[in-house]
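Structure first, commentary second.
It should be emphasised that the depicted structure is a prediction, and the values quoted were computed from it without experimental measurement. We name chains A, B, ... by the order of the sequence lines, and we start the count at 1 in each one.
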Amino acid sequence: MTLESTIQLTAQQAITNLYHTNLPLEQIVLQETRKEFEGQITLVTFPIVRLSKKSPEQTGLELGEYLQKQIKEIAGFNVIKGFLNISITDSYWTGLLEGNILKPDYGQFPPNGKKILIEYSSPNTNKPMHLGHVRNNLIGYAIAEILSAYGYQVTKANLINDRGVHICKSMLAWQLFGNGETPENSGLKGDHLVGKYYVIFDQAYKKQIEELKAAGSTEEEAKKNAPLILQAQDLLIKWENGDQAVINLWKTMNSWVYAGFEETYKKLSISFDKYYYESNTYLLGKDLIEEGLAKNVFFKKPDGSVWIDLTAEGLDEKLVLRADGTSVYMTQDLGTAQLKYNDFQMDESMYVVGNEQDYHFKVLFLILKKLGKTWANGLYHLSYGMVDLPSGKMKSREGTVVDADDLIHEMITTAQKRTEELGKTAEFSTQKKKDLYRIIGLGALKYFLLKVEPKKRLLFDPNESIDFQGHTGPFIQYTYARINSILTKASYASTNKTKRSSTLTIIERDLLVLLSQYPSIIEIAAKEYNPAQIANYAFELAKCYNKFYHEEPILKAEDNLKQFRLDLSAATASVIKKGMHLLGISVPDSM
RNA sequence: GCCUCCAUAGCUCAGCUGGAUAGAGCAACGGUUUUCUAAACCGUGGGUCUCAGGUUCGAAUCCUGAUGGAGGUACCA
């Protein structure tokens with residue numbers, strides 16, 4: 001049991017004994033004591049005043065005395081208005097170091113027996129990834145790590161959108177204009193090569209539309225009748241019919257894209273346990289349509305199309321199967337949801353997908369519930385905000401995208417430049433430098449994207465480089481490197497007993513209090529599905545350590561104190577490393 | 001039209017199960033290096049928490065409405 005819950009329970013007991021009434025536990029509010037007051041834990045006594053029928057001050061005093069008598073870790077208290085500020089003994093805080101914080105599994109919750117499947121990334125194979133995908137990848141990966149630390153058994157899945165008319169557009173453009181270009185003979189990364197033809201298609205298509213309009217067609221007719229779009233649609237039909245030549249081309253071009261994606265994932269240290277391919281799942285779901293018709297969840301319109309009426313839920317009617325019997329997005333997703341459940345029997349299934357699809361997922365989950373799928377209650381859409389540029393939304397076809405590979409490269413280059421300017425790495429080996437620049441550059445990028453709550457939209461200005469100072473990844477990495485340097489110089493080894501002869505300094509205690517909060521931060525991040533909680537905590541911790549580092553000598557302290565401060569430093573380094581690891585960010589030994 | 005989400009310092013963001021004087025970083029200005037890594041630390045200035053009501057001992061936080069912004073509302077995905 002944590003000290004906080006002990007205080008809560010004892011306070012509840014105190015209310016029963018002193019005032020002869022009961023107060024539910026959740027109404028006993030504890031918060032961190034604000035810096036300007038003495039104490040570490042504060043009990044808000046306003047809600048209790050109406051039970052005690054005494055002034056807030058008197059109530060606070062009575063509760064404080066009761067708590068101090070019952071709980072040996074309480075060293076003292078003070079009352080200011082409706083706030084009972086409780087001071088905890090130094091030995092409690094120092095005891096946490098060896099007892100908890102320095103243990104290798106600090107922050108790892110025991111298994112909770114629940115399985116969760118997290119689908120994220122889910123790229124299309126017609127173009128390379130951009131900054132929006134990077135945000136998706138990082139959020140998905142971080143959530144997987146956080147939930148894993150919280151005790152879930154996590155499976156990371158990637159559903160690749162590898163078929164459809166958009167893929168055929170790239171294929172067609174390559175056939176028409178490619179002249180046999182391959183990643184090998186052009187030196188282009190596979191996904192970029194395919195993306196290039198996607199853009200070429202679009203340009204040529206637009207040109208045809210203009211020509212048709214000039215010849216008297218309406219915009220709509222032109223879009224529909226342009227030869228290129230007809231050819232692309234023809235290609236899709238051939239693909240669906242298994243035309244060998246088309247399938248071969250599709251396989252070849254997709255293999256280029258996969259090689260490209262793997263490279264990007266590797267650079268981002270993103271990984272998956274399970275891949276689904278839409279080419280294997282796009283026909284699923286039709287049996288669920290039959291099931292829904294039989295259960296009268298769906299209805300058929302005269303033209304044969306199948307719908308669900310959600311007007312009672314405040315939504316619209318939604319198409320689930322086309323009149324010609326072919327699937328729509330919803331059909332596939334229904335089938336894929338069932339497939340995932342058949343594969344894993346998970347308790348929860350998460351989709352990390354942008355907020356532009358909020359409505360789709362609302363409907364998807366609702367339909368599955370209406371179909372009577374009990375597992376549908378475990379479905380969750382982790383909806384995140386779009387990454388916008390100052391000019392607005394990124395659009396692949398208009399070239400207003402921040403390319404993932406370009407950005408990663410730029411970040412690493414910038415990291416190199418900054419580091420060399422500081423001149424600290426002169427004697428590093430070439431390999432060590434290379435690793436370091438990668439760690440710092442990616443640390444800056446990942447932190448930048450993860451420190452913002454997922455649901456909020458994110459503004460990225462390509463003209464303003466991502467910071468390396470202040471509230472950034474490199475700041476935290478630097479703090480780690482600094483600690484590592486001290487520990488190395490001291491040939492640090494953890495002892496079994498951390499003793500602190502004199503009283504703790506304020507900053508030492510602040511640091512210990514922060515360190516003690518790490519597990520509860522993980523819990524909050526896991527419950528909120530919010531990696532930004534971890535990111536902001538790591539920053540607070542690093543900031544607090546830097547202050548400590550400036551205020552107190554470590555290596556020059558006398559033996560007992562020195563060992564304590566080394567333990568404190570080691571604990572901080574360990575928590576920083578773990579926290580950053582949850583975000584997929586590495587920390588360097590020196591920088 | 002209807003639905004959903006967002007609005008906090010010049011900029012980027014924390015804080016939101018209601019609690020003390022609303023916090024960081026960047027940018028601006030000033031200071032700290034014979035001392036463990038200055039990617040650091042300390043200080044100054046900067047706020048009608050979009051607006052208007054309501055709930056209450058207490059509202060940035062909850063409720064209602066308005067305004068502004070984003071997204072959705074396709075036999076696209």
Side-chain angles (χ1 to χ4, degrees), chain A residues 26-27 29 31 33-37 42 44-47 49-50 56 80-83 85 122 124 161 164-166 278 301 303-307 314-316 318-324 326-333 353-360 362-363 383 385-386 388 392-393 415 418-419 421-422 424 440 444 448 451-453 455-461 464 466-479 481-490 532-533 535-536 539-540 542-543 545-557 562 565-566 569 590-591:
Chain A
E26 62 270 17
Q27 286 191 37
V29 181
Q31 59 187 43
T33 305
R34 294 179 69 116
K35 281 197 298 274
E36 56 267 42
F37 305 104
T42 292
V44 184
T45 58
F46 286 113
V49 168
R50 63 190 165 82
I80 295 164
K81 292 191 277 183
F83 300 93
N85 300 319
S122 308
N124 292 347
N161 186 340
V165 76
H166 49 292
E278 211 186 284
K301 286 198 175 175
D303 66 358
S305 58
V306 182
W307 295 73
L315 306 174
D316 302 315
K318 186 82 187 172
L319 177 90
V320 293
L321 195 71
R322 288 193 185 103
D324 63 6
T326 57
S327 299
V328 289
Y329 184 37
M330 189 61 75
T331 326
Q332 298 172 36
D333 266 9
V353 179
N355 62 11
E356 56 197 353
Q357 294 193 39
D358 284 356
Y359 185 73
H360 172 76
K362 204 169 173 181
V363 172
S383 163
M386 299 288 103
D388 289 332
K393 208 176 168 181
R418 299 282 162 96
T419 309
E421 277 165 9
L422 292 169
K424 295 182 192 173
I440 296 174
F448 175 81
K451 76 173 175 183
V452 181
E453 201 184 339
K455 75 173 175 194
K456 295 215 172 159
R457 86 183 239 285
L458 197 107
L459 189 73
F460 177 81
D461 188 346
E464 266 179 58
I466 292 173
D467 277 328
F468 285 68
Q469 288 174 351
H471 188 184
T472 66
F475 172 90
I476 300 166
Q477 291 172 321
Y478 172 72
T479 309
R482 229 179 188 186
I483 297 174
N484 191 258
S485 164
I486 281 212
L487 296 179
T488 307
K489 278 186 180 154
Q533 288 284 353
N536 288 316
F539 173 63
E540 288 301 322
K543 215 166 41 156
Y545 184 85
N546 279 319
K547 195 176 159 105
F548 162 70
Y549 179 94
H550 270 266
E551 286 183 9
E552 314 289 356
I554 299 166
L555 294 175
K556 287 180 179 163
K562 178 174 162 186
R565 288 183 173 161
L566 287 171
S569 300
S590 56
M591 67 185 271

Quiz item: Tell me, what's RNA chain B's dot-bracket, Watson-Crick or G-U with both distances under 3.5 Å, | for other-strand, [ ] crossing?
Solution: (((((((..((((.....[...)))).(((((.......))))).....(((((..]....))))))))))))....

Donor/acceptor link under 3.5 angstrom from [X] side chain onto base of [N]:
{"X": "K424(A)", "N": "U37(B)", "answer": "yes"}
{"X": "T42(A)", "N": "A20(B)", "answer": "yes"}
{"X": "N85(A)", "N": "A20(B)", "answer": "yes"}

Self-check item: Whole-Å distance separating the NE2 atom of H360(A) from the P atom of U73(B)
Solution: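 H360(A) atom NE2 is separated from U73(B) atom P by 11 Å.
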
Self-check item: For atom CE of M591(A) and atom C1' of A40(B), their distance in whole Å
Solution: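 Spelled out: CE on M591(A) to C1' on A40(B) is 11 Å.
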
Quiz item: Can we say E552(A) and K547(A) salt-bridge, meaning some charged N sits less than 4.0 Å from an Asp/Glu carboxylate O?
Solution: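 No, E552(A) and K547(A) are not salt-bridged.
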
Quiz item: Do the side chain of R322(A) and the main chain of S327(A) share a donor and acceptor less than 3.5 angstrom apart?
Solution: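 Checked: pair present.
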
Quiz item: Reckon Y359(A) has a side-chain N or O less than 4.0 Å from the OP1 or OP2 of G72(B)?
Solution: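 No, because none of the side-chain N or O atoms of Y359(A) sits under 4.0 Å from OP1 or OP2 of G72(B).
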
Quiz item: So, is K456(A) close to the C5(B) phosphate, meaning a side-chain N or O under 4.0 Å from OP1 or OP2?
Solution: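 Checking C5(B) against K456(A), no side-chain N or O comes under 4.0 Å of OP1 or OP2.
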
Between the base of [N] and the ring of [X] - centre-to-centre under 5.5 Å, planes within under 30° - is that a stack?
{"X": "F475(A)", "N": "A40(B)", "result": "no"}
{"X": "F83(A)", "N": "A20(B)", "result": "yes"}
{"X": "F37(A)", "N": "A20(B)", "result": "yes"}

Quiz item: Which comes earlier along RNA chain B counting from the 5' end, the contact point of A542(A) or that of R482(A), where each point is its nearest nucleotide?
Solution: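 Looking at RNA chain B, the more 5' nearest nucleotide goes with R482(A).
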
Quiz item: Is it the case that N355(A) and R457(A) place a side-chain donor and acceptor less than 3.5 Å from each other?
Solution: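 Result is no, nothing qualifies.
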
Quiz item: Which part of the nucleic acid, if any, lies within reach of L459(A) when heavy atoms closer than 4.0 Å are counted: base, sugar-phosphate only, or nothing?
Solution: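 Sugar-phosphate, backbone atoms only, no base.
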
Quiz item: Can you check ring-ring contact (aromatic ring centres under 6.0 Å, His included) on F475(A) and Y478(A), steps first, answer last?
Solution: CA-CA 5 Å; F475(A) 172 90; Y478(A) 172 72; 7.6 Å; no

